[in-house]
Amino acid sequence: MNSLKNNIVMITGATAGIGEATAKEFAAHGAHLILIGRREDRLKKLCQHLKKDHGVNCLPLVIDVRDADSVAKIPGMLGKEWRSIDILINNAGLGRGLDKIYQGNIEDWNEMLDTNVKGLLFVSRAVLPGMVERNRGHVINVGSVAGHEVYPGGNVYCATKHAVDALTNGMRIDLVDTAVRVSTVDPGLVETEFSVVRFKGDEAKAKKPYENLKPLVAEDIAEIIAFIASRPSHVNINEVIVMPKSQATATITHRVVKP
Ligand code: NDP
Ligand code: 8X3
């Protein structure tokens with residue numbers, strides 16, 4: 001096992017859910033963190049906690065990953081102590097709606113494509129040259145079961161996660177002659193703010209996917225990401241697909257209604 005202690009780890013989408021849990025997991029392993037998200041209060045609070053609880057350094061960067069210019073400026077903004085990023089976790093992402101494609105909302109489509117695909121590309125483009133130059137690094141993308149299957153109403157969200165799958169494979173091919181590793185973690189149902197965001201704050205709709213089954217929690221994914229990152233440097237875990245026990249496919253779940 002490679003120690004994660006003193007590694008510099010950049011996590012996008014660290015203000016909630018999987019990204020936040022991953023920040024906590026890596027801090028517990030002694031990694032220093034560059035955390036990205038749009039909600040400044042949450043980022044700052046999380047950094048304060050991680051510094052206090054684990055004695056690690058933490059840099060909050062309030063950045064929208066869709067903003068190509070701001071993202072491109074990241075390497076130049078980082079002080080010397082932050083520049084050698086060891087691990088990039090491309091986690092920021094969202095789903096919007098479950099509309100049939102002929103009724104789809106074009107703003108929702110743009111938001112998903114710009115965040116899940118272009119945001120991941122912009123951040124990777126900013127960070128990868130340094131990794132290649134240092135001949136050291138690991139990019140871990142958070143994909144989804146939606147990158148392997150398409151479910152009713154999932155159309156554009158599924159397309160973005162299929163793109164993440166393709167980009168992960170493309171990165172691995174382009175980096176094969178370097179020491180930089182590329183992995184993806186592709187979860188099924190994880191109970192986070194994902195559904196609340198997907199259904200624009202409609203809590204009743206947001207609860208539905210997790211009803212009468214035991215979903216994954218963000219910490220389950222964080223532990224897997226840390227496991228992937230801590231393998232010896234000759235080991236590249238390409239892809240982990242992880243589901244709750246009672247989910248067989250994107251659409252086939254076993255739900256037990258308690259009397
Ligand atoms: P959450 O809604 O809990 O967290 C999403 C995170 O992404 C937030 O920190 C949010 O921060 C950030 N984010 C969204 N848009 C942007 C943006 N434009 N710029 C910067 N940060 C952004 O959802 P999850 O934790 O569940 O989602 C994390 C990833 O996991 C996503 O890529 C999602 O597709 C994927 N996933 C989730 C599954 C699930 O069932 N929950 C299953 C499979 C994959 P902020 O709003 O502060 O910017
Ligand atoms: C998010 C979970 O089930 O909508 O990727 O694909 S799901």
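Just follow the structure's listing: the first ligand is 1, and inside any ligand the first atom is 1. Keep in mind it's a predicted model, so treat the numbers as computed, not measured. Excluded from the calculations below are hydrogen atoms, water molecules and symmetry mates; all remaining heavy atoms, backbone and side chain alike, are included.
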Q. Where the side chain of Q247 meets the backbone of L189, is there a donor-acceptor pair that is under 3.5 Å apart?
A. yes
Q: Looking only at protein heavy atoms, identify the closest one to atom 18 (N) of ligand 1 and say how far it is in Å.
A: D64 OD1, 2.8 Å
Q. Should we say atom NZ of K205 is surrounded by more than 12 heavy atoms from elsewhere, each under 6.0 Å from it?
A. no
Q) If you count the atoms of ligand 1 from 1 in the order shown, which ones are under 4.0 Å from a heavy atom of Y157? A) 33 (C), 34 (O), 36 (N), 44 (C)
Q. Between the side chains of D186 and H148, is a donor N or O closer than 3.5 angstrom to an acceptor N or O?
A. yes
(Q) Any atom of ligand 1 sitting under 4.0 Å from a heavy atom of P187? (A) yes
Q: Please confirm whether A218 comes under 4.0 Å of ligand 1, counting heavy atoms of the residue only.
A: no
(Q) Here's a test for you: under side-chain contact (heavy atoms from CB on, under 4.5 Å), which of T12, I11, I140 qualifies with N90? (A) T12
Q.
I'd like to check which ligand 1 atoms, numbered from 1 as shown, lie under 4.0 Å from a non-hydrogen atom of G188.
A. 40 (O), 42 (C), 43 (C)
Q.
Here's one to test your reading of the geometry: is the NZ or CZ of R198 within 45 degrees of the ring axis of Y157 and under 6.0 Å from its centre?
A. yes
Q: Under 4.0 Å from a heavy atom of V142: give me the atoms of ligand 1 that qualify, with their elements.
A: 29 (C), 30 (O), 35 (C)
Q) Tell me, which protein residue and heavy-atom name are nearest atom 26 (O) of ligand 1, and how many Å apart are they? A) T192 OG1, 2.6 Å
Q.
Check this for me: does any side-chain nitrogen of one of K208 and E191 sit under 4.0 Å from a carboxylate oxygen of the other?
A. no
**Q.** Close N or O approach (V190, ligand 1; < 3.5 Å)
**A.** yes
Q. What are the atoms of ligand 1, with element, lying closer than 4.0 Å to any heavy atom of R39?
A. 8 (C), 10 (C), 11 (O), 45 (P), 46 (O), 47 (O)
Q. Quick one: nearest non-hydrogen protein atom to atom 4 (O) of ligand 1, plus distance?
A. A16 CB, 3.9 Å
(Q) Under a 3.5 Å cutoff, is there a donor and acceptor pairing between the side chains of H138 and S183? (A) yes
(Q) Taking distance alone, with N or O pairs closer than 3.5 Å, would you say G13 contacts ligand 1? (A) yes
Q. Does any N/O atom on R38 come nearer than 3.5 Å to any N/O atom on ligand 1?
A. yes
(Q) I need the contact type for A146 against ligand 1. Using non-hydrogen atoms and a strict under-4.0 Å cut-off, is it side chain, backbone, both or neither? (A) neither
(Q) Using a 3.5 Å cut-off on N or O atoms only, is V197 in polar contact with ligand 1? (A) no
Q: Kindly indicate whether the side chain of V139, heavy atoms from C-beta on, has any atom under 4.5 Å from the side chain of R181.
A: no
Q: Only counting residues at least two apart or in another chain, list the ones meeting side-chain contact (heavy atoms from CB on, under 4.5 Å) with T168.
A: N141, V164, R172, V182, T184
Q. So do the side chains of L88 and V123 get within less than 4.5 Å of each other, counting heavy atoms only?
A. yes
Q) Can you find a non-hydrogen atom of T115 under 4.0 Å from ligand 1? A) yes
Q) Which ligand 1 atoms are under 4.0 Å away from a heavy-atom of A14? A) 9 (O)
Q.
Closer than 4.0 Å to some heavy atom of I63 - which atoms of ligand 1 meet that?
A. 19 (N), 20 (C)
(Q) Just checking R125: does its CZ atom have more than 12 heavy atoms from other residues, nucleotides or ligands closer to it than 6.0 angstrom? (A) no
Q | Sub-4.0 Å atoms of ligand 1 with respect to non-hydrogen atoms of T15 | A | 8 (C), 9 (O), 10 (C), 11 (O), 45 (P), 47 (O)
Q: Answer whether the closest heavy-atom distance between the side chains of V142 and I225 falls below 4.5 Å.
A: yes
Once you restrict both partners to nitrogen or oxygen, which atoms of ligand 2 have a protein partner under 3.5 Å, and how far apart are they?
residue: ligand 2; atom: 4 (O); partner: Y151; partner atom: OH; Å: 2.7
residue: ligand 2; atom: 4 (O); partner: R198; partner atom: NH1; Å: 3.1
residue: ligand 2; atom: 5 (O); partner: S144; partner atom: OG; Å: 2.6
residue: ligand 2; atom: 5 (O); partner: Y157; partner atom: OH; Å: 2.6
residue: ligand 2; atom: 6 (O); partner: Y151; partner atom: OH; Å: 3.1

Q) For S195, is the nearest heavy atom under 4.0 Å from an atom of ligand 1? A) no
Q. Do K118 and R66 come within less than 4.5 Å of each other through their side chains, counting heavy atoms only?
A. no
Q | Minimum side-chain heavy-atom gap E223-F227 below 4.5 Å | A | no
Q: Examine ligand 1 and decide if any of its atoms is less than 4.0 Å from a heavy atom belonging to N91.
A: yes
Q.
Heavy-atom contact check, 4.0 Å cutoff: does G143 meet ligand 1?
A. yes
Q | Where I18 and T22 come nearest, the two heavy atoms and their spacing | A | O-OG1, 2.6 Å
Q) Which ligand 1 atoms are under 4.0 Å away from a heavy-atom of G17? A) 3 (O), 25 (O)
(Q) Any non-hydrogen side-chain atom of V117 less than 4.5 Å from a side-chain atom of L167? (A) yes
Q) To the nearest 0.1 Å, how far is atom 1 (P) of ligand 1 from its closest protein heavy atom, and which atom is that? A) F194 N, 3.9 Å
Q: Examine ligand 1 and decide if any of its atoms is less than 4.0 Å from a heavy atom belonging to K161.
A: yes
Q.
Any heavy-atom pair between the side chains of I85 and V9 that's under 4.5 Å?
A. no
